[in-house]
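Predicted model, so just to flag it, every value in this text is computed and none were measured.
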Amino acid sequence: MDWLPPERYAAELEAETARFATAVSALPAYRVVPTCPEWTVKDLVNHVGTGHRYAALIIKTDQMQPYEVITAPADRTAWLADGARELNEAVEERGFHGRVWTWQPRHLIAGFWLRRMVHDLVVHRFDADPSGDPATDLAADGVADTLGTFEMFDRLSGEGETLRFVASDTGRAWHVTRTKPGIEWGERPGAAAEVTVTAPARDLVLILNRRMRPSAVEGERAVWESWWEGSRF
């Protein structure tokens, strides 16, 4: 498990939550979010704050819980900060490597939820404010986290098609194979693929999360378009 240190995720959760809160506080609650037009700013805030509380509840109870969206009060900034703090406290109490229920059977630890919520937050902070970049190592970790999330969805199953995502600012590269059960992936810098997408790590995270299209795609266009459509969740 090649993740960032536990304390790094805890710090990033609070820092990114503060940035997100600053961004949404400057926006009308019912403005449509351009990068996810099915949501308003209010929906985006509710999603982020609910996610942190939902993850904390799972860690505290060690079992799957029903997901119900919570509506943020008028003081969105304090509410968002409280949710991040609640999640960090739950992870600290259980222990980052403490066993808990998750939907990713390879990572049945409390730290899974903290890491997942950090990277979900990075993307939604971009939804609220496209300016500002996460640290390069955090962005690269976000690429891996997103691919790990994609393992759980059958929309990206395939017949052996291969794709390569290269971070131009770190030299790291992730190789993906679409198999019938789902995707298989790992860091394989020298592996060939039918499609190669090269961009800074931050942009790769946004591309994988459908917040932007790549400026250039090398290889089989049909393979890429199939991936792009399959990543629509």
Side-chain angles (χ1 to χ4, degrees), residues 1-13 15-16 48 51-52 55 87 91 96-97 99-100 102-127 132-158 161-179 181-214 217 223-224 227-228 230-233:
M1 187 174 68
D2 188 18
W3 290 5
L4 300 176
E7 59 271 15
R8 178 69 182 285
Y9 294 117
E12 292 289 355
L13 182 72
E16 285 291 336
V48 169
H52 295 169
L87 175 53
V91 174
F96 189 87
H97 297 285
R99 186 177 176 86
V100 299
T102 80
W103 47 257
Q104 170 49 278
R106 293 198 297 115
H107 302 303
L108 298 174
I109 60 172
F112 165 86
W113 289 107
L114 177 55
R115 183 186 190 229
R116 179 82 281 276
M117 290 300 104
V118 166
H119 292 303
D120 183 71
L121 179 57
V122 168
V123 172
H124 291 313
R125 197 257 294 167
F126 175 86
D127 289 329
D133 295 335
T136 302
D137 62 339
L138 181 66
D141 189 64
V143 174
D145 176 77
T146 303
L147 292 174
T149 300
F150 285 172
E151 290 178 31
M152 307 308 297
F153 300 101
D154 59 9
R155 288 189 185 182
L156 288 171
S157 61
E161 301 91 340
T162 55
L163 302 96
R164 187 167 172 255
F165 297 93
V166 181
S168 58
D169 50 352
T170 69
R172 295 174 67 177
W174 296 265
H175 188 276
V176 178
T177 302
R178 299 178 65 178
T179 71
I183 71 164
E184 297 176 356
W185 67 278
E187 284 200 56
R188 297 169 57 193
E194 294 167 89
V195 168
T196 297
V197 177
T198 302
R202 173 260 198 189
D203 288 0
L204 288 180
V205 171
L206 298 176
I207 290 165
L208 286 167
N209 284 278
R210 298 179 59 86
R211 265 46 183 192
M212 64 166 58
R213 277 188 174 267
V217 175
V223 173
W224 168 251
W227 170 275
W228 181 258
S231 65
R232 189 191 302 273
F233 295 107

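Looking at every heavy atom in both residues, Thr198 comes nearest to Ser168 through CG2-CB, 4.0 Å. For the pair Ala144 and Trp174, the tightest heavy-atom approach, listed with the atom from each and the gap, is CB-NE1, 4.0 Å. Pairing each heavy atom of Pro200 with each of Asp169, the nearest pair is CA-OD1, 3.6 Å. The shortest non-hydrogen separation linking Leu138 to Val118 is CD1-CG1, 4.1 Å. The minimum heavy-atom distance between Ala201 and Thr136, with the atom names listed, is CB-O, 4.1 Å.
A distance of 11.0 Å separates CG of Asp203 from CG of Leu208, quoted to the nearest 0.5 Å. Note that the CD atom of Glu184 and the CZ atom of Arg178 stand 13.0 Å from one another [nearest 0.5 Å]. Going from atom CD1 of Ile207 over to atom CZ of Arg202 covers 9.5 Å, rounded to the nearest 0.5 Å. Between Met117 atom CE and Phe112 atom CZ the span is 7.5 Å, to the nearest 0.5 Å. One distance of note links NE2 of His124 with CD of Glu16; it measures 12.0 Å at 0.5 Å rounding. With rounding to the nearest 0.5 Å, the separation of NE2 in His175 from CZ in Phe165 is 10.5 Å.
Residues His119 and Thr146 have side chains not in contact (no heavy-atom distance under 4.5 Å, counting atoms from C-beta outward). At least one side-chain heavy atom of Leu206 sits less than 4.5 Å from a side-chain heavy atom of Phe126. Residues Thr102 and Ile109 have side chains not in contact (no heavy-atom distance under 4.5 Å, counting atoms from C-beta outward). Val176 has its side chain out of reach of Leu156: every pair of non-hydrogen atoms, C-beta onward, lies at least 4.5 Å apart. The shortest distance between side-chain heavy atoms of Leu87 and Tyr9 does not fall below 4.5 Å. Glu12 places none of its side-chain heavy atoms less than 4.5 Å from the side chain of Pro134. With contacts defined as side-chain heavy-atom distances shorter than 4.5 Å, the pair Val123/Arg211 qualifies. Taking the side chain as every heavy atom from C-beta outward, Trp224 and Val197 approach each other to under 4.5 Å.
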Evaluate Trp113 against Val100 for side-chain contact (heavy atoms from CB on, under 4.5 Å), listing each step before the verdict. CA-CA 9 Å; Trp113 289 107; Val100 299; 4.0 Å; yes
Under the side-chain contact (heavy atoms from CB on, under 4.5 Å) criterion, do Arg115 and Leu4 qualify, and how do the steps go? CA-CA 9 Å; Arg115 183 186 190 229; Leu4 300 176; over 6 Å; no
Run the side-chain contact (heavy atoms from CB on, under 4.5 Å) test on Gln104 and Arg116 for me, step by step, so that the C-alpha distance in whole Å, both residues' side-chain angles and the decisive distance to 0.1 Å come before the verdict. CA-CA 11 Å; Gln104 170 49 278; Arg116 179 82 281 276; over 6 Å; no
Does Leu13 form a side-chain contact (heavy atoms from CB on, under 4.5 Å) with His52? I'd like the steps, not just the answer. CA-CA 10 Å; Leu13 182 72; His52 295 169; 3.7 Å; yes
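Ring orientation note: the planes of Phe153 and Trp103 are tilted relative to one another, at an angle of 30° to 60°. Between Trp3 and Phe96, the ring-plane angle classifies as perpendicular under the 30° and 60° cut-offs.
Between the Arg155 side chain and the Arg232 main chain, a donor and an acceptor come within less than 3.5 Å of each other. No donor-acceptor pair closer than 3.5 Å links the side chain of Thr162 to the backbone N or O of Thr177.
Dense packing is recorded around CZ of Arg213, with more than 12 heavy atoms of other residues, nucleotides or ligands lying under 6.0 Å away. The neighbour count for Arg210 CZ, taken as heavy atoms of other residues, nucleotides or ligands under 6.0 Å away, is above 12.
Taking the charged nitrogens against the carboxylate oxygens, Asp141 and Arg8 have no contact shorter than 4.0 Å, which rules out a salt bridge.
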